[in-house]
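Working notes for the structure below.
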Amino acid sequence: MENLSFIFIIPLFTAIFTLLSTFTSQIINGRRNRKQAVGFFHPFTNDGGGGERVLWCAVKAIQELSSDLDCVIYSGDHDASPQSLASRATDRFGVNLLYPPMVVHLSKRKWVEETSYPRFTMIGQSFGSIYLAWEALCKFTPLYYFDTSGYAFTYPLARIFGCKVICYTHYPTISLDMISRVRNRSSMYNNDASVAKSSWLSQSKIIYYTFFSWMYGFVGSCAHLAMVNSSWTESHIVKLWRIPDRIKRVYPPCDTSRLQALPLERSADSPRFISVAQFRPEKAHPLQLEAFAVATRKLDAGLPRPTLQFVGSCRNNSDEERLQKLQEKAIELKVDENVEFYKNVPYRDLVNLLGDAIVGMHSMIDEHFGICVVEYMAAGAIPIAHNSAGPKMDIVLEEDGQKTGFLAQNVEEYADAILSVLRMPETERLDMAAAARKRANRFSEQRFYEDFKAAIRPILNNLSR
């Protein structure tokens, strides 16, 4: 029996030794062969949201700041090429790169897709991101590892490979608010009703969230520089990562210059409302639709019926199904004749739609910033946004004593805000739209470039010494 055990132990130790040797040699080779480059870890380069705009503006800023650094995109989109990504940056976001970026294709992106983890999604995606980053860094090891997608669990690995770790954090993977909602047993898109109803399940989830927040704090503290996109995100990241000296607030780039060229005057005969957001569950599109239905039923006689336009992108089949259900809900609420849907529209078409809108709708709870809200304001559309996080703390604030929009939390408050705009005299609407446009200047693309370069310049200079 002892000889039999010995026979099995030898191959086991041999396999472990071989695995560790391979692991160590790949890290040593990676550290030795680091390239004069910035590697942008952004597995989904076709998500079409504000995060992708930040990616392309960050690439352009690096190109302008340091011509001797190559920009490399780690992408899980197999059809991505230097030329196609550069064209996408221009066509979709109006960002003209100085030259096309290099592309490193990743074959293991499924490890970070939420559909791979029907349960324990956060921790599953987080550990999956480590595996994906391992593939990325083994294929190409840069001097600077730049995460623009919020995969904080990859930072210790990037440091082991000898990279300087930089990140732009749009929102914390977990926040104290999330733990509070579970403790209060509030049902939301990230807290299933069955969990909220059960004391035992809620307590278990609190333990899970608490443990995860500790791990998230540890891996996040490995960043050499962490840029955050809002006051709300900054407050959470400071508490979780505990590296306040390495955290810089850099508001995301909003295309205010092109949108501000649009005239403030809009057609009073056919008022248009617009909602720009990916068709994701947290964007809470059904709330907007319900509020629109309530408002149109209460509409004063003689006032024209407005049109609500949903404009967004679909990342996967789940988003496509969500869009289909939204269209069905419009029929159920009997507002389908006054609701339009636009999927994956080019940027130039989005600008035209914004130019016709008198109101921009937003309803995500704890939206970390809210680029679409700024775009509404820059375009001259009065925002009706959720009364939380970025819109509440940074964006929809008074400008020179003038109100710049509305904040709401439920169907009734959104409906009241919709009616307030429809009943507003044209001069009052123009005054509010002008004040909103002026406030949007604080979040311009030019301001992003200035703040981004100021934040990143010291870390680039330190490594070159």
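In what follows, every heavy atom counts, from backbone to side chain, and hydrogens, waters and symmetry copies are set aside. Quick note: residue numbers are just sequence positions, from 1.
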Hey, is R109 close enough to D77 for a salt bridge, meaning N to O under 4.0 Å? yes
Y74 ring center within less than 6.0 Å of H42 ring center: no
Pairing of K453 and E64 as salt bridge, 4.0 angstrom limit: yes
Side chain of S313, backbone of N344: donor and acceptor closer than 3.5 Å? no
Ring centroids only, cut at 6.0 angstrom: are F369 and F443 within range, meaning strictly under it? yes
Quick one: do E234 and K248 make a salt bridge, cutoff under 4.0 Å? no
What do the steps show when you test S75 against T45 for side chain to side chain donor-acceptor pair (under 3.5 Å), and what is the final call? CA-CA 6 Å; S75 173; T45 47; 2.8 Å; yes
Using a strict threshold of under 4.0 Å (side-chain N to carboxylate O), is an ion pair present between R439 and E398? no
Check whether any side-chain heavy atom of W241 lies under 4.5 Å from a side-chain heavy atom of F218, and answer yes or no. no
Do the two ring centres, one from Y145 and one from F41, sit under 6.0 Å apart? yes
Once you measure the plane-to-plane angle for F310 and H285, does it fall in the parallel (<30°), tilted (30-60°) or perpendicular (>60°) bin? perpendicular
So, do W134 and F161 have ring centers that fall under 6.0 Å from each other? yes
The test is side chain to side chain donor-acceptor pair (under 3.5 Å); show your working for S87 and S84 and say whether it passes. CA-CA 5 Å; S87 297; S84 69; over 6 Å; no
Between W232 and Y171, is the ring centroid distance below 6.0 Å? no
Give, for atom NE2 of H170 and atom CE of M227, the distance between the pair rounded to the nearest 0.5 Å. 10.5 Å
Carboxylate-amine/guanidinium contact R280 E114, below 4.0 Å: no
Name every donor-acceptor pair, under 3.5 Å, that has one atom in a side chain of residues 382-392 and the other anywhere in the protein, sequence neighbours excluded.
unit_1: H386; atom_1: ND1; unit_2: S388; atom_2: OG; d: 2.9
unit_1: S388; atom_1: OG; unit_2: D366; atom_2: N; d: 2.8

